[in-house]
**Student:** 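This structure is in structure tokens; I'll ask about it shortly.
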Amino acid sequence: FQTVMIDITERKQAEEAVRESERRAVRQRAAIAQLALDKHMAGDDLAGTLDRITQVLSATLGVARASVWRFAGDRSEAQCLALYDAGKKKHSRGAIVDTSSCPRYFEAITTDSRINAEDARTDPHTNELTDSYLIPLGIASVLDAGILMEGQLVGVVSLEHIGARRKWQPDEEAFAGTAASMFAQLFESIDRRRAEETLRKSEEKFRTLYENA
């Protein structure tokens, strides 16, 4: 009888795990569709766009903090372009991290483009952040995905869970990677528009000089 009960319990747990996986998949597909159809994604309001994306990421994966960071050209530092804190319902930006302050983390994200830390305070890729960052903010688990442009790491999407340790599921890791790809496309669009604007201004300056001459 006990064996039968154990078998039934395990079967129910497996069925619930499948149902939860399906619910996550529905939320993730809806989030991707929402962002893909957002008419503001290609607009000029970069800060507003990044705020919307990080808030959607936080809600979709149920994490307390979702942020996007971009490296300086020499990767000496990373700047926070947008951070959404679900607990405070607050957006912020502008923080800068010196990459030399946490070399193991940046080596890991550069090498693997992923950091999946169930226990961020003991994981070798993130434990150097324990006293200065993780404990003060109550962060237990971290899921980060590198943002790649032309094969080069240019930034990071960071998803941080507060509370008990959290085991990240493969579909959640894949979703973080999809979000990183969306940021890469957004960055490429922004860089292209900036280059075109710089070229336009240069041509106008040259034309003015020519006409004055």
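Residue numbers count from 1 along this sequence. Note that the structure is predicted; figures quoted are calculated from it, not measured. Any value given below was found using the heavy atoms of this structure, including those in side chains, with hydrogens, waters and symmetry copies removed.
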**Student:** Please report the interatomic distance OG1(T126) to CG(D144), rounded to the nearest 0.5 Å.
**Tutor:**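 If I round to the nearest 0.5 Å, the distance is 9.0 Å.
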
**Student:** Is there side-chain contact between L81 and F183, with heavy atoms separated by less than 4.5 Å?
**Tutor:**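 Counting from C-beta outward, L81 and F183 never come under 4.5 Å.
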
**Student:** Check whether any side-chain heavy atom of E173 lies under 4.5 Å from a side-chain heavy atom of L143, and answer yes or no.
**Tutor:**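 The answer is yes, as the side chains (C-beta and beyond) meet within the 4.5 Å cut-off.
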
**Student:** When rounded to the nearest 0.5 angstrom, what distance separates CZ in R65 from NZ in K90?
**Tutor:**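 Here the rounded value is 11.0 Å.
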
**Student:** Would you give the length of the straight line joining atom CD of E128 to atom CG of L134, rounded to the nearest 0.5 angstrom?
**Tutor:**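 So the CD of E128 and the CG of L134 are separated by 10.0 Å.
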
**Student:** Taking the side chain as every heavy atom from C-beta outward, state whether R52 and Q34 have any pair of such atoms under 4.5 Å apart.
**Tutor:**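 They are not in side-chain contact.
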
**Student:** Minimum heavy-atom separation for F71 and A78, please, with both atom names.
**Tutor:**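 That closest heavy-atom pairing would be CD2-CB, 3.6 Å.
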
**Student:** Identify the heavy atoms of A120 and T130 that sit nearest to each other, and give their distance.
**Tutor:**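 Closest heavy-atom pair between A120 and T130: O-OG1, 4.4 Å.
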
**Student:** Does the gap between the ring centers of H91 and Y84 come in under 6.0 Å?
**Tutor:**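 Yes: the rings meet the under 6.0 Å criterion.
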
**Student:** Working to the nearest 0.5 Å, report the span between CE of M182 and OG1 of T49.
**Tutor:**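 M182 atom CE to T49 atom OG1 measures 11.0 Å (nearest 0.5 Å).
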
**Student:** Less than 4.5 Å apart, any side-chain heavy atom of R75 and any of T110?
**Tutor:**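 When only atoms from C-beta onward are counted, T110 and R75 do touch, with a gap below 4.5 Å.
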
**Student:** For the residue pair T54 and L83, establish whether any side-chain heavy-atom pair is separated by less than 4.5 Å.
**Tutor:**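 Not in contact.
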
**Student:** Do I139 and L61 share a hydrophobic cluster, counting only Ile, Leu, Val, Met, Phe, Trp and Tyr and linking them when any side-chain heavy atoms are less than 4.5 Å apart?
**Tutor:**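 No; L61 is not reachable from I139 via cluster members.
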
**Student:** To the nearest 0.5 Å, what is the distance between CG (D85) and OG (S67)?
**Tutor:**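 Result: 10.5 Å between the selected atoms.
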
**Student:** Using side-chain heavy atoms (C-beta onward) and a distance below 4.5 Å, is L159 in contact with E172?
**Tutor:**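 Answer no - side chains too far apart.
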
**Student:** What's the shortest heavy-atom distance between G163 and A140, and which atoms?
**Tutor:**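 Looking at all heavy atoms of both residues, the shortest contact is O-CB, 3.1 Å.
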
**Student:** Just verifying a value: how many Å separate D51 CG and S92 OG, rounded to the nearest 0.5 Å?
**Tutor:**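 The distance works out to 8.5 Å.
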
**Student:** Tell me, do L50 and L186 make a side-chain contact under 4.5 Å, heavy atoms counted?
**Tutor:**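 Side chain of L50 against side chain of L186, heavy atoms only: contact under 4.5 Å found.
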
**Student:** Does a side-chain heavy-atom distance below 4.5 Å link Q152 with M149?
**Tutor:**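 The answer is no, as the side chains (C-beta and beyond) never meet within the 4.5 Å cut-off.
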
**Student:** For the backbone of S76 and the side chain of T99, can you confirm whether one donor and one acceptor N or O come within less than 3.5 Å of each other?
**Tutor:**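 Yes: the side chain of T99 pairs with the backbone of S76.
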
**Student:** Which pair of heavy atoms, one from A117 and one from W168, lies closest together, and at what distance?
**Tutor:**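 The answer is O-NE1, 3.4 Å.
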
**Student:** To check you understand the geometry: which heavy-atom pair defines the closest contact between A86 and S58, and what is its length?
**Tutor:**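 Heavy atoms of A86 and S58 come nearest at CB-OG, 3.5 Å.
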
**Student:** Which pair of non-hydrogen atoms, one from F175 and one from L57, has the smallest distance, and what is that distance?
**Tutor:**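 Shortest heavy-atom contact: CE2-CD2, 3.7 Å.
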
**Student:** When you measure from the side chain of R93 to the backbone N and O of Q79, does any donor-acceptor pair fall under 3.5 Å?
**Tutor:**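 Here the side-chain-to-backbone pair does not exist.
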
**Student:** Given the ring of F187, does R70 sit roughly above its face, with NZ or CZ under 6.0 Å from the centre of the six-membered ring and within 45° of the axis?
**Tutor:**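 R70 over F187 ring: yes.
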
